[in-house]
Amino acid sequence: MHMADALLAPAVAGTMYVLSGTTAGLSVRTLRQEQEADPQKLPVMAVTSALVFAGQMINYTIPGTGSSGHLCGGMLLSALLGPQAGFLSMIVILTIQCLFFADGGLMALGANVWNMAFYGCFFGYYVIWRPLMRGGSPEKDRTNTRMRIIAASLLGCILSLQLGAFSVVLETSLSGITELPFGAFAGLMQPIHLAIGLVEGLITSAVLLFVYESRPELLQELSCAGAGGRLTAKRSLRTTVIVLAVTAAFVGGALSLFASSDPDGLEWALFGNEEEGYAANMGLDEENFGNQSAVADTAGRIQETTSLLPDYSFKDSESAAGTSVSGLIGSAMVAAVAAGICVAGGFFRRKQQQKAGTI
Amino acid sequence: MIEFANVSYAYEKDRPVLRDVSFTVQDGETVGLIGCNGAGKSTVMKLLLGLLPCTEGRITAAGLPVDKAHLPQVRERLGFVLQDPDAQMFMPTVYEDMLFGPLNYGMTREEADRRIDAALKQLRIEHLKGRHNHRLSGGEKRMAAIATILAMQPEILLMDEPTAALDPYNRREVIRTIGDLSGTKVITSHDLDMIYDTCERVILLHDGAVCADGPAEQVLHDRELLESHRLELPLRFSVS
Amino acid sequence: MNKMDAALRELAGMDDLAALSSGIHRLHPAVKFLATILYIFTVASFSRYALSGLLPMVLWPVLLYQMSGIPVSLCFRKLRFVLPLVLAVGIWNPLLDRVPVLQIVTLTVTGGILSMCTLMLKGVLCLMASFLLMATTGIDRLCAALRAMHVPEYPVTLLLLTYRYISVMLREVSVMTDAYSLRAPGQRGIHFSAWGSFLGQLLLRSMDRAQSLYESMLLRGYRGGFHYAETRPIARKDWLFLGLSAASFAFFRLVPVAQILGGMFV
């Protein structure tokens with residue numbers, strides 16, 4: 001699900017940076033406050049996120065199929081470290097993947113953090129993990145706790161991946177780089193990520209169950225609920241039901257939305273009419289976000305005047321061809337200049353090496 | 001100087017890991033702390049460094065009592081080389097790792113740089129300064145780990161298994177290095193040949209109690225004593 | 001060689017590149033970081049049909065690769081992640097957008113093909129820029145740059161520590177995977193029955209490692225602060241680099257250079 005820079009428009013990427021950055025800032029604040037009480041958290045986070053990074057490369061054989069699945073880790077990290085620490089750990093993992101392995105773009109980092117870390121850590125934790133784990137005494141009813149760990153992992157992973165995949169679709173479509181209609185893209189992405197989420201959920205639950213059997217105090221919520229006994233077992237059952245109902249309603253609603261909606265209509269609503277051209281689309285996008293529309297208009301106008309091949313020029317194919325032929329020749333010249341730089345650089349370096357050699 | 005006076009310690013109640021341990025290490029002495037797995041060597045080290053709170057008995061190190069109030073001063077004077085260099089060296093490069101301790105203890109950058117260069121020179125590993133920690137070989141890692149501690153110029157040097165997992169050449173190098181270092185040193189290890197080469201005195205721990213404390217010559221030659229505590233004579237004595 | 005070992009080699013390769021010395025390596029990391037971000041945003045801001053307008057943007061990374069002595073070919077090896085993804089999204093454009101834009105003798109170029117090519121070029125350019133940043137900077141200087149840009153200490157330290165332990169963990173996972181596959185010939189991955197214990201064992205061991213890591217930090221006077229080797233302030237030449245870069249981005253973004261050049265001959 002790692003998005004590349006090319007798949008995003010700057011405005012979308014910037015918005016996602018702001019969203020992810022704000023969440024990260026709040027997380028850092030919370031963790032700083034906790035640091036006094038738990039100074040060991042930082043090294044634990046570092047080692048755990050390094051482990052998850054390496055663990056993402058493990059091939060898990062999916063029973064009954066020839067293929068293998070992988071771990072992403074947001075849900076696992078938040079169950080082990082808590083949502084804020086899990087979120088920061090995921091940010092660090094994604095940053096290293098982006099910078100050192102070119103897996104996901106630097107400009108797209110904000111979006112990637114949001115799609116892959118935010119839902120797994122915050123949504124997965126606060127909506128699924130905590131309500132399911134709270135209450136019940138882990139010592140007394142181990143089978144019950146096991147079932148709840150499995151349910152929370154599966155639900156958390158599937159739902160957070162669905163949300164993440166949906167965000168990818170939304171961001172790509174808002175960026176206006178693909179001709180693929182919104183509905184078709186979503187129809188492609190959501191089912192794939194249902195399967196991925198299921199596998200991820202199974203792996204996560206397997207790991208968490210192992211931790212539960214050997215060192216249950218490492219799991220978030222489990223320990224404090226057991227020690228403090230703030231909530232009763234009955235209430236936990238009720239919250240479980242509520243969570244299940246809410247998620248069911250959510251999934252059902254989302255699916256029916258896809259089934260019933262006219263993709264073209266949805267696309268039109270989101271991106272404006274294609275015929276009006278890119279500049280107009282830009283303005284409409286921003287209005288939908290509800291901010292900066294004046295700036296966007298200006299940006300749109302600048303773009304309209306400077307854009308090499310604005311959309312509307314295609315209507316007039318003759319002029320479009322005319323501009324493009326000169327563009328083609330110009331491009332060849334630019335390529336020649338680039339090649340020249342390479343040759344000159346090589347020549348210069350050789351000369352330097354010779355010089356260093358003689359001295 | 002290090003002094004343990006009647007120290008007992010238990011992680012869980014009624015299951016003591018140290019029982020009435022008393023010993024003294026004089027300034028300038030090199031002492032080997034030996035014993036089988038679970039004898040309590042690590043607990044002694046952790047208590048000495050203040051990583052575990054001393055609940056029974058009294059510990060002094062470098063003239064200061066090891067308690068909460070004196071921890072920063074005590075730790076500044078003690079240098080501990082961990083068994084696992086990967087756990088010890090957490091910064092990306094050797095140089096940054098060496099900077100960490102001195103700067104934390106309030107040294108200026110110039111002073112820290114001077115000490116780092118001195119430590120690297122002393123261990124003959126100047127070439128490792130700019131290297132990445134995760135690209136070092138096992139032997140290089142060990143030497144660099146010692147260097148990060150030497151850069152703090154501790155009064156007392158503590159080492160946990162300094163020759164573990166080293167090839168013969170690197171093991172030799174570490175032994176030579178320990179021999180070259182002046183000052184008080186405490187070394188724990190199962191490598192009794194190395195202990196014999198580096199330490200003048202040996203303390204044998206077993207089951208949380210001091211079973212023998214004497215010159216290395218004497219303790220490490222005592223086959224009966226060693227074997228009754230699940231240890232063996234150093235290889236060089238058992239061969240001849 | 002398993003995936004973990006391949007990743008280790010890749011990390012080592014980046015370290016080696018960052019250890020080279022050149023004028024680009026010596027620039028202040030914060031300035032390089034800002035220029036790279038600016039470059040990527042500029043590239044992404046080109047309209048989706050602006051292929052010839054986008055092309056001159058290639059000159060900035062090409063020049064820097066030459067100045068820093070980093071072989072461009074290394075960067076293209078990393079394209080294996082980016083290009084398939086970009087292609088998967090872009091491949092639909094030629095199918096859905098069939099409005100002809102250009103007729104070269106008998107070859108008709110449609111808007112979809114044009115936008116797909118633009119997309120691919122954007123992918124390549126963005127990768128070139130971010131690869132160059134890391135190949136000439138390295139993690140330690142990057143962390144120093146983030147601190148210089150007032151990113152809070154907590155996440156920066158986390159990044160630094162995580163990077164350090166990634167190679168340790170990769171090695172452990174690699175050894176465990178090899179040990180597993182030696183005892184399970186013919187299996188392509190970890191069997192369902194071992195899903196939990198494989199990573200779980202490692203996790204528990206890592207917690208112990210985190211404990212001794214923390215002790216090692218404490219013993220060397222850790223009180224919540226980290227220090228970075230790179231402390232030099234931003235100099236005039238750094239500002240000059242940033243200014244020139246930004247100006248060239250603005251120029252290429254606003255002036256259709258390729259078209260004007262070509263126009264002289266048409």
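Proteins come first, then strands; the chains are lettered A, B, ... in the order of their sequence lines, and each starts at number 1.
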Which of H191(C), M207(C), R209(C), E215(C) touches chain A most, by non-hydrogen pairs under 4.5 Å:
M207(C)
Checking V86(C) against chain A: side chain, backbone, both or neither under 4.5 Å from a heavy atom?
both
Before you tell me yes or no, could you show the steps for L199(C) and Y60(A) under side-chain contact (heavy atoms from CB on, under 4.5 Å), namely the whole-Å CA-CA distance, both residues' side-chain angles and the distance that decides it to 0.1 Å?
CA-CA 11 Å; L199(C) 197 61; Y60(A) 292 93; 3.8 Å; yes
For the backbone of F100(A) and the side chain of K78(C), can you confirm whether one donor and one acceptor N or O come within less than 3.5 Å of each other?
yes
Among E10(C), M14(C), R164(C), E153(C), who wins on heavy-atom pairs under 4.5 Å with chain A?
E10(C)
Output, in order, the C-alpha distance, side-chain angles, deciding distance and verdict of side-chain contact (heavy atoms from CB on, under 4.5 Å) for M333(A) and L261(C).
CA-CA 8 Å; M333(A) 292 168 69; L261(C) 276 176; 3.9 Å; yes
Residue set satisfying side chain to side chain contact (heavy atoms under 4.5 Å, CB included) with F348(A), at least two apart, ordered chain then number -> Q352(A)
Counting only heavy atoms closer than 4.5 Å, note whether L127(C) contacts chain A via side chain, backbone, both or neither.
side chain
Looking at every heavy atom in both A44(C) and P10(A), which two are closest together, and how far apart are they?
O-CD, 3.5 Å
The interface call for M4(C) against chain A, heavy-atom contacts under 4.5 Å, is both
I need the residue from A4(A), A50(A), A206(A), S27(A) with the largest number of non-hydrogen atom pairs under 4.5 Å to chain C.
A50(A)
Proximal component of A194(C), with respect to chain A [non-hydrogen, under 4.5 Å]
neither
Counting N and O atoms only, with roles assigned by atom type, does the side chain of D5(A) sit under 3.5 Å from a partner on the main chain of C126(C), one being a donor and the other an acceptor?
no
Nearest heavy-atom approach of A258(C) to V334(A) is CB-CG2, 4.2 Å
R205(C) atom CZ: more than 12 heavy-atom contacts under 6.0 Å
yes
Residue, of L7(A), L42(A), L208(A), L76(A), that accumulates the most heavy atom pairs under 4.5 Å with chain C:
L42(A)
Could you check if a side-chain atom of M176(C) sits within less than 4.5 angstrom of a side-chain atom of I58(A), using non-hydrogen atoms only?
no
Rounded to the nearest 0.5 Å, how far does OH of Y154(C) lie from CD of Q84(A)?
10.5 Å
Please flag which part of L121(C) lies under 4.5 Å from any non-hydrogen atom of chain A: side chain, backbone, both or neither.
neither
Which pair of heavy atoms, one from S52(C) and one from S331(A), lies closest together, and at what distance?
CB-OG, 3.2 Å
Go through V173(C), V62(C), N93(C), V58(C) and name the one with the most non-hydrogen pairs under 4.5 angstrom from chain A.
N93(C)
Do Y214(C) and P39(A) have side chains that approach each other closer than 4.5 Å (heavy atoms only, starting at C-beta)?
yes
Is the shortest side-chain heavy-atom distance between L106(A) and L133(C) below 4.5 Å?
yes
Heavy-atom cut-off 4.5 Å, strictly under: side chain, backbone, both or neither for L8(A) against chain C?
backbone
Nearest heavy-atom neighbours spanning G345(A) and Q66(C):
CA-OE1, 3.4 Å
Rounded to the nearest 0.5 Å, what separation is found between the CG atom of L218(A) and the CG atom of L204(C)?
6.5 Å
Note: vs chain A, highest number of non-hydrogen pairs under 4.5 angstrom among D97(C), V82(C), L160(C) is D97(C)
Is Q35(A) close to chain C through its backbone or its side chain, or both, or neither, when contacts mean heavy atoms under 4.5 Å?
side chain
Which portion of T42(C) sits near chain A, non-hydrogen atoms under 4.5 angstrom
neither
After noting the C-alpha distance and the side-chain angles of E179(A) and R98(C), does the key distance pass the salt bridge (Lys or Arg N to Asp or Glu O under 4.0 Å) rule?
CA-CA 11 Å; E179(A) 295 288 337; R98(C) 291 165 179 277; over 6 Å; no
How far does CZ of F41(C) sit from CE of M107(A), to the nearest 0.5 angstrom?
5.5 Å
Residue pair V92(A) / L161(C), side-chain heavy-atom distance below 4.5 Å
no
Best-contacting candidate, T172(A), T48(A), L31(A), T95(A), against chain C by heavy atom pairs under 4.5 angstrom:
L31(A)
Top residue by heavy-atom pair count (under 4.5 Å) with chain A, among V72(C), V257(C), L119(C)?
L119(C)
Qualifying residue, where the test is side chain to side chain contact (heavy atoms under 4.5 Å, CB included) with I203(A) and the options are W195(C), F198(C), F192(C):
W195(C)
Measure the spacing between CD1 of I166(C) and CD1 of I96(A) and express it to the nearest 0.5 Å.
3.5 Å
Full working for side-chain contact (heavy atoms from CB on, under 4.5 Å) between L203(C) and F210(A)
CA-CA 10 Å; L203(C) 188 83; F210(A) 180 86; over 6 Å; no
Identify which one of T177(C), L170(C), D5(C), N2(C) satisfies the side chain to side chain contact (heavy atoms under 4.5 Å, CB included) criterion when paired with M57(A).
L170(C)
Interface residue of largest heavy-atom contact number with chain A, from L142(C), L213(C), V151(C), L85(C), under 4.5 Å:
L85(C)
Hey, could you give me the CD/CD distance between Q211(C) and Q40(A), rounded to the nearest 0.5 Å?
4.5 Å
For the residue pair P155(C) and V28(A), establish whether any side-chain heavy-atom pair is separated by less than 4.5 Å.
yes
If you count heavy-atom pairs under 4.5 Å with chain C, which of L209(A), V211(A), D103(A), L188(A) comes out on top?
D103(A)
Spacing of R48(C) atom CZ and T178(A) atom OG1 [to the nearest 0.5 Å]:
8.0 Å
